[in-house]
A.B. asks: 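Have a look at the structure that comes next, please.
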Amino acid sequence: MSGIIVSFILIFCLTFNCSGVVPNDTSNGVEWETLLMEKLTKKLPKYVQPDDLRNNSVHIFLDLYQISDVDERRGVLTAKMWVYYYYYSESAMWNCTDYGDYGMLLVPLNTFWSADIVALDALEVKYEAFDRQFVQGQIGLVAFWSSLATVKFSCSFDVTHFPFDSQSCPLRFGPWVSTQDSYRISRDPYIPQETADLAYYSEHDEWELVRPVRISIDERVFRAANAYDMIVMQLDLKRRHMFYSVVFLLPNILIYCLSSLVFLLPVDSGEKISFSITILLASVVSFGTISEILPASSLNFPDIAYFLGVTVTQMSLDTLLATIVINIHFIGGRRKMGYTVRRIISSQGLWVFGLRPCPIEKAFPRKTSSENRGLADHVRSSQKESAPNRLAEAIRKRCQVQDSSDDNPAKSTVDRESLEQAAVNLVELDSEENMDFLWKYFALVVDRLFFSLHVTASIGIFILFLSI
């Protein structure tokens with residue numbers, strides 16, 4: 001801090017060839033200081049503006065040291081900066097040779113008049129490190145405030161493109177009550193500052209300062225009557241997005257891509273619904289992370305929050321569709337399959353989904369003879385046993401027939417009836433198993449259809465958000 005102040009002072013000393021700060025006759029240093037103080041206190045006022053204020057202007061010199069914190073939720077930017085408020089007055093000039101080569105005098109704060117310069121957008125200001133005024137006699141400069149200041153500024157953040165966003169925060173300094181009629185804020189003709197020097201700027205971990213940092217003179221008007229000058233330091237910040245890209249954005253994209261696998265997971269694994277719900281909960285947790293980082297504002301709603309909302313909606317729909325697939329898979333023989341569904345599962349277009357068409361003989365099995373159908377109807381109405389039990393009974397009778405004589409006509413009749421009963425039972429059993437297979441195959445087709453729709457929707461969502 002002291003190096004910055006000395007550098008600021010030396011600019012004037014070297015510019016105007018002042019012989020230095022240290023007097024030639026050190027034995028009379030106190031005397032020269034006393035004489036200077038008597039001279040300056042008689043000519044320079046303490047509470048009112050000097051009559052000989054050069055160009056009726058006060059000058060402000062600013063330089064940025066560090067951006068300490070950027071709080072997007074509260075809309076606060078905290079910066080450490082060097083501030084110099086000064087003016088030129090003919091009453092503050094003296095000849096160095098007349099006062100033992102003294103070119104500068106340090107005095108306590110508020111010894112001479114201080115303009116009412118403040119940080120206009122500041123929520124809190126803390127001045128530190130230097131609490132003196134100094135006067136440079138060769139050019140009549142009075143620096144009434146020069147210090148390192150920690151200032152909390154109010155700033156509006158636009159987080160629409162988080163984490164690839166850039167922010168612009170103007171830092172305004174100017175008089176609190178004095179209008180342009182009292183004095184003006186202008187550029188120093190000796191040090192015309194249009195950009196911040198930033199020689200000692202310390203980089204922020206999360207935000208990159210866009211250079212150059214421009215400094216301009218502007219004005220503000222109060223109730224269309226009183227005009228006030230102000231100096232504006234424009235801070236343009238660009239977020240370093242690597243942290244949020246790796247820790248937050250990339251995991252959410254991977255979770256979204258994994259959500260499509262719910263339609264490739266076999267129903268018989270028993271993990272289809274649990275997998276879908278786990279992915280859904282992981283995306284919902286990301287909303288909590290967003291709410292902790294970004295401000296709760298509807299004016300600049302972040303695109304990534306829209307993305308998370310769309311993904312959560314889509315994953316909820318995936319859970320519903322997975323439930324539909326599971327219900328189709330376990331229909332079995334409880335419900336007959338219609339002609340349209342049979343045509344779908346035997347269509348050659350299933351190659352698009354990476355599936356082989358169901359064989360025609362399975363999708364459209366041959367009908368049994370009218371005799372066997374009538375016999376099957378009789379068996380179904382007269383017996384309550386299951387098909388495997390009836391088949392076992394038919395086989396038992398067949399074995400008994402084989403042990404008896406083939407010349408016995410009565411036993412031959414029993415043999416024929418048993419074989420016909422066994423045939424009917426086999427037809428029924430085969431029909432139930434085939435129907436169960438067809439419904440499972442149709443569930444697989446629906447699963448692949450939903451997978452294709454999910455992938456198509458995902459690609460469309462990615463293209464939409466990348467184009468924003």
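Keep in mind the model is a prediction, meaning the values are calculated, not measured. In this chain, residues are counted from 1 in sequence order.
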A.B. asks: Nearest 0.5 Å please: distance from the CZ atom of Phe465 over to the OG1 atom of Thr311.
C.D. replies: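 Answer for the CZ-OG1 pair, Phe465 versus Thr311, is 8.5 Å.
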A.B. asks: May I ask you to decide if Leu106's main-chain N or O and Arg132's side chain share a donor-acceptor pair within less than 3.5 Å?
C.D. replies: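 Side chain of Arg132 to backbone of Leu106: no pair is present.
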A.B. asks: Got a second to check how far Leu321's CG is from Met315's CE, nearest 0.5 Å?
C.D. replies: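 It comes to 13.5 Å.
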A.B. asks: State whether the side chain of Thr41 and the backbone N or O of Met37 hold a donor-acceptor pair below 3.5 Å, judged by distance alone.
C.D. replies: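 Confirmed, Thr41 side chain pairs with Met37 backbone.
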A.B. asks: Does one side chain, of Asp116 or Ser178, offer a donor that lies under 3.5 Å from an acceptor on the other?
C.D. replies: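 A pair is found: one side chain offers a donor N or O, the other an acceptor, under 3.5 Å apart.
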A.B. asks: Distance alone, cut at 3.5 Å: any donor-acceptor contact between the side chains of Ser276 and Thr319?
C.D. replies: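 Their side chains do contain a donor-acceptor pair, which is all the 3.5 Å distance test asks for.
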A.B. asks: Specify the closest pair of heavy atoms between Ser89 and Leu44, including all atoms of both residues, with the distance to one decimal.
C.D. replies: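 Answer, listing the atom of Ser89 first, then Leu44: OG-CD2, 3.7 Å.
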A.B. asks: What pair of heavy atoms forms the shortest contact from Gln133 to Phe112, and how long is it?
C.D. replies: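 Smallest heavy-atom distance, with atoms named: OE1-N, 3.1 Å.
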A.B. asks: Is there a donor-acceptor contact under 3.5 Å from the side chain of Arg343 to the main chain of Gly338?
C.D. replies: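 Absent.
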A.B. asks: Within a strict 4.5 Å, meaning less than it, do heavy atoms of the Ser316 and Leu280 side chains meet?
C.D. replies: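 Side chain of Ser316 against side chain of Leu280, heavy atoms only: contact under 4.5 Å found.
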A.B. asks: side-chain contact (heavy atoms from CB on, under 4.5 Å) for Phe153 and Cys169? Distances and angles first, verdict last.
C.D. replies: CA-CA 9 Å; Phe153 291 93; Cys169 294; over 6 Å; no
A.B. asks: Report the residue from Phe162, Phe248, Tyr256 that forms a ring-ring contact (aromatic ring centres under 6.0 Å, His included) with Phe307.
C.D. replies: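 Of the listed residues Phe162, Phe248, Tyr256, the ring-ring contact (aromatic ring centres under 6.0 Å, His included) partner of Phe307 is Tyr256.
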A.B. asks: Please name the pair of heavy atoms, one in His204 and one in Arg240, separated by the smallest distance, quoted to 0.1 Å.
C.D. replies: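 Nearest pair, atom of His204 first, then Arg240: O-NE, 3.1 Å.
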A.B. asks: So which heavy atom on Leu64 is nearest to which on Met233, and how close?
C.D. replies: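 Looking at all heavy atoms of both residues, the shortest contact is N-CE, 4.4 Å.
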A.B. asks: Using modelled atom types only, decide if a donor and an acceptor are shared between the side chain of Ser297 and the backbone of Pro295 within a distance under 3.5 Å.
C.D. replies: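 Side chain of Ser297 to backbone of Pro295, a donor-acceptor pair under 3.5 Å: no, none is there.
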A.B. asks: Do Thr150 and Val125 have side-chain heavy atoms sitting under 4.5 Å apart?
C.D. replies: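 They are not in side-chain contact.
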A.B. asks: Using the rule given for side-chain contact (heavy atoms from CB on, under 4.5 Å), can you reason through His59 versus Ile191, listing the C-alpha separation, both sets of side-chain angles and the distance that settles it, and then say yes or no?
C.D. replies: CA-CA 10 Å; His59 308 288; Ile191 312 176; over 6 Å; no
A.B. asks: To the closest 0.5 Å, what do you measure between CG (Leu444) and CD1 (Ile345)?
C.D. replies: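 Taking CG in Leu444 and CD1 in Ile345, the distance rounds to 11.0 Å.
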A.B. asks: Just checking, any donor-acceptor pair under 3.5 angstrom between side chains of Glu31 and Thr34?
C.D. replies: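 Judged by distance alone, the side chains do not pair up.
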A.B. asks: Assess the side chains of Asp63 and Gln193: does a donor N or O sit below 3.5 Å from an acceptor N or O?
C.D. replies: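 Short answer, no.
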A.B. asks: Can you name the nearest heavy-atom pair linking Val76 to Phe157, along with the distance?
C.D. replies: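 Shortest heavy-atom separation between Val76 and Phe157 comes out as N-CE1, 3.7 Å.
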A.B. asks: Report yes or no: do Ser91 and Asp52 form a side-chain donor-acceptor pair below 3.5 Å?
C.D. replies: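 A pair is found: one side chain offers a donor N or O, the other an acceptor, under 3.5 Å apart.
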A.B. asks: Hey, is Glu203 close enough to Arg211 for a salt bridge, meaning N to O under 4.0 Å?
C.D. replies: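 Judged by the 4.0 Å cut-off on N to carboxylate O distance, Glu203 and Arg211 do form a salt bridge.
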A.B. asks: Say whether, by atom type as modelled, one donor and one acceptor occur between the side chain of Glu219 and the main chain of Val221 under 3.5 angstrom.
C.D. replies: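 It does not hold such a pair.
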A.B. asks: Would you please indicate if the ring centroids of Tyr86 and Phe61 are separated by under 6.0 Å?
C.D. replies: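 No, too far apart.
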A.B. asks: Quick one: CG on Leu120 to CG on Leu171, what's the gap to the nearest 0.5 Å?
C.D. replies: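 Between atom CG of Leu120 and atom CG of Leu171 there are 10.5 Å.
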A.B. asks: Mind running side-chain contact (heavy atoms from CB on, under 4.5 Å) on Ile117 and Ile185 for me, showing each step along the way?
C.D. replies: CA-CA 10 Å; Ile117 304 296; Ile185 302 295; 3.6 Å; yes
A.B. asks: Can you tell me how the ring of Phe164 sits relative to the ring of His241, calling it parallel under 30°, perpendicular over 60° and tilted otherwise?
C.D. replies: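 Phe164 vs His241 ring planes: tilted.
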A.B. asks: Look up atom CG in Asn252 and atom OG in Ser286, then write down how far apart they are to the nearest 0.5 Å.
C.D. replies: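 Rounded to the nearest 0.5 Å, the CG-OG separation comes to 3.5 Å.
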A.B. asks: Please walk me through it: do Leu141 and Phe134 pass side-chain contact (heavy atoms from CB on, under 4.5 Å)?
C.D. replies: CA-CA 8 Å; Leu141 177 142; Phe134 66 86; 3.7 Å; yes
A.B. asks: If you measure from the Lys or Arg side-chain nitrogens to the Asp or Glu carboxylate oxygens, is any gap between Lys272 and Asp447 under 4.0 Å?
C.D. replies: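 Looking at Lys272 and Asp447, the cut-off is met.
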A.B. asks: Please identify which of these residues, Tyr87, Tyr88, Tyr84, meets the side-chain hydrogen bond (donor to acceptor under 3.5 Å, both in side chains) condition with Asp188.
C.D. replies: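 Of the listed residues Tyr87, Tyr88, Tyr84, the side-chain hydrogen bond (donor to acceptor under 3.5 Å, both in side chains) partner of Asp188 is Tyr88.
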A.B. asks: Angle between ring planes, Tyr200 versus Trp82, binned at 30° and 60°: parallel, tilted or perpendicular?
C.D. replies: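 Aromatic pair Tyr200/Trp82 classed perpendicular.
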A.B. asks: Quick one: pull up OG in Ser259 and CG in Leu261 and give me the separation to the nearest 0.5 Å.
C.D. replies: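 Interatomic distance, Ser259 OG to Leu261 CG, rounded to 0.5 Å: 8.0 Å.
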A.B. asks: Hey, can you tell me if Trp94 and Tyr99 have their rings parallel, tilted or perpendicular (30° and 60° cut-offs)?
C.D. replies: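 Ring orientation of Trp94 relative to Tyr99: perpendicular.
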A.B. asks: Provide the closest heavy-atom pair for Gln234 versus Pro170 in the form atom of the first, atom of the second, distance.
C.D. replies: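 Of all heavy-atom pairs spanning Gln234 and Pro170, the closest is OE1-CB, 3.5 Å.
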